[in-house]
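The sequence lines fix the lettering, A, B, ..., with proteins before strands; numbering per chain opens at 1.
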2 protein chains.
Amino acid sequence: MITTDVKELQCPVALTLDIINDKSKIFIVYILLGGQKRFKDICEAFSQVTQKTVTQKLKELEADHIIERTVFAEVPPRVEYALSPIGLELKKVLDSMHAFGEVYAAKYGCKRDVK
Amino acid sequence: MITTDVKELQCPVALTLDIINDKSKIFIVYILLGGQKRFKDICEAFSQVTQKTVTQKLKELEADHIIERTVFAEVPPRVEYALSPIGLELKKVLDSMHAFGEVYAAKYGCKRDVK
DNA sequence: CTGTATCCTTCAAGATACTG
DNA sequence: CAGTATCTTGAAGGATACAG
């Protein structure tokens with residue numbers, strides 16, 4: 001069977017990976033764990049990534065119900081992004097990553113080769 | 001300051017993400033949580049990825065001390081991959097992903113658009 | 001400020017064939 | 001069986017300019 005435009009992920013881990021499919025998205029969640037942020041703030045926290053990419057990742061996260069986007073009718077425009085309730089659930093995943101990172105760094109250091 | 005060939009990741013989450021930087025590596029860890037596996041078995045569990053990619057990811061994981069590679073001097077050759085002690089620590093990360101995926105699926109289902 | 005729209009580059013990964 | 005060696009391609013992301 002070939003699914004043409006939809007896939008069904010039986011494994012919850014695969015589902016999670018499909019939602020948080022790259023580093024930049026996890027970073028956005030990480031940033032938003034510190035409270036809601038403006039578009040500009042997210043871009044600045046993300047020096048290695050272009051604005052275009054930030055926009056795209058924010059859209060994907062919003063489409064997946066991980067974050068919520070609020071537009072304020074002001075001049076100049078203001079848009080705030082915040083984690084949704086389900087997005088907040090990702091904190092546990094991030095926490096476990098944090099814990100692993102600390103254990104790993106204690107054993108092997110935190111220096112990494114750049115590819 | 002510009003680092004030319006090494007980066008130092010202060011944030012443990014960033015470090016973890018740098019080690020487990022894509023879905024395929026997390027999947028390999030996931031597969032190996034079920035016990036040590038042969039190269040062939042890993043390739044087969046990974047129908048969507050080519051052998052070349054599996055080889056590459058295994059090498060990276062080994063270089064990062066996440067997995068251990070054992071060569072048996074047999075004919076035909078046999079190579080087994082297993083999680084290292086630190087690699088086993090990743091189980092907690094996978095567990096939290098599993099938990100999140102279940103919560104998410106209960107709320108939004110497990111069907112995903114294919115890009 | 002918060003995005004869109006193009007164009008362009010590069011790099012990861014697929015296909016395939018070959019080796020010890 | 002467990003890889004390595006090439007070649008190729010497609011999509012992600014950078015740079016830049018523009019819009020509401």
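In this structure, A/Phe39 places its CZ atom 9 Å from C1' of C/dC1, rounding to the nearest Å. A/Glu74 places its CD atom 13 Å from the P atom of C/dG3, with the value rounded to the nearest Å. The distance from atom NZ of B/Lys37 to atom P of D/dC1 is 17 Å, rounded to the nearest whole Å. Between the C1' atom of D/dA12 and the CD atom of A/Gln48 lies a distance of 15 Å, rounded to the nearest Å. Rounded to whole angstrom, the span from the NZ atom of B/Lys40 across to the C1' atom of D/dG3 amounts to 14 Å. Note: NZ (A/Lys57) to C1' (D/dA12) measures 8 Å, nearest angstrom. Taking atom NZ of B/Lys23 as the reference point, atom P of C/dA12 lies 17 Å away to the nearest angstrom. Residue A/Asn21 contributes atom CG, which lies 14 Å from atom C1' of D/dG13 at whole-angstrom precision.
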Could you check A/Glu80 against A/Arg78 for salt bridge (Lys or Arg N to Asp or Glu O under 4.0 Å), going step by step and ending with a plain yes or no? CA-CA 7 Å; A/Glu80 302 255 23; A/Arg78 182 160 61 104; 2.8 Å; yes
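Contact annotation: the side chain of A/Ile42 approaches that of A/Leu32 to within less than 4.5 Å [non-hydrogen atoms, C-beta and beyond].
Two residues, B/Ser24 and A/Leu58, neighbour DNA chain C, and the one matched to the more 5' nucleotide by heavy-atom proximity is A/Leu58. Comparing B/Arg38 and B/Thr55, the nucleotide of DNA chain D nearest to each residue sits closer to the 5' end for B/Arg38.
Contact annotation: A/Thr53 reaches the phosphate of D/dG14 (side-chain N/O to OP1 or OP2, under 4.0 Å). In this model, the phosphate group of C/dG3 is not approached by any side-chain N or O of A/Arg78 to a distance below 4.0 Å at OP1 or OP2. Phosphate contact (OP1/OP2 of D/dT4, side-chain N/O of B/Lys59, threshold under 4.0 Å): present. In terms of phosphate contacts, A/Tyr81 brings a side-chain nitrogen or oxygen within less than 4.0 Å of OP1 or OP2 of C/dG3.
Within 4.0 Å (heavy atoms only), A/Gln51 reaches at least one base atom of the nucleic acid. B/Glu80 comes within 4.0 angstrom of no nucleic acid atom, judged by non-hydrogen atoms across all strands.
A salt bridge links A/Asp22 and A/Lys57; the closest N-O separation between the charged side-chain nitrogens and carboxylate oxygens is under 4.0 Å.
Nearest nucleotide to the side chain of A/Thr50, out of C/dG3, C/dA13, D/dG14: D/dG14.
No N or O donor and acceptor, one from the side chain of A/Lys52 and one from the base of C/dG3, sit under 3.5 Å apart. Within 3.5 Å, no donor on the side chain of A/Gln56 pairs with an acceptor on the base of D/dG13, nor the reverse.
Looking only at distances, a side-chain donor or acceptor of B/Ser84 sits under 3.5 Å from a matching main-chain atom of B/Ile66.
Connection of A/Leu17 to B/Tyr108 is established within a shared hydrophobic cluster, with ILVMFWY side chains joined at heavy-atom distances below 4.5 Å, either directly or through further cluster members.
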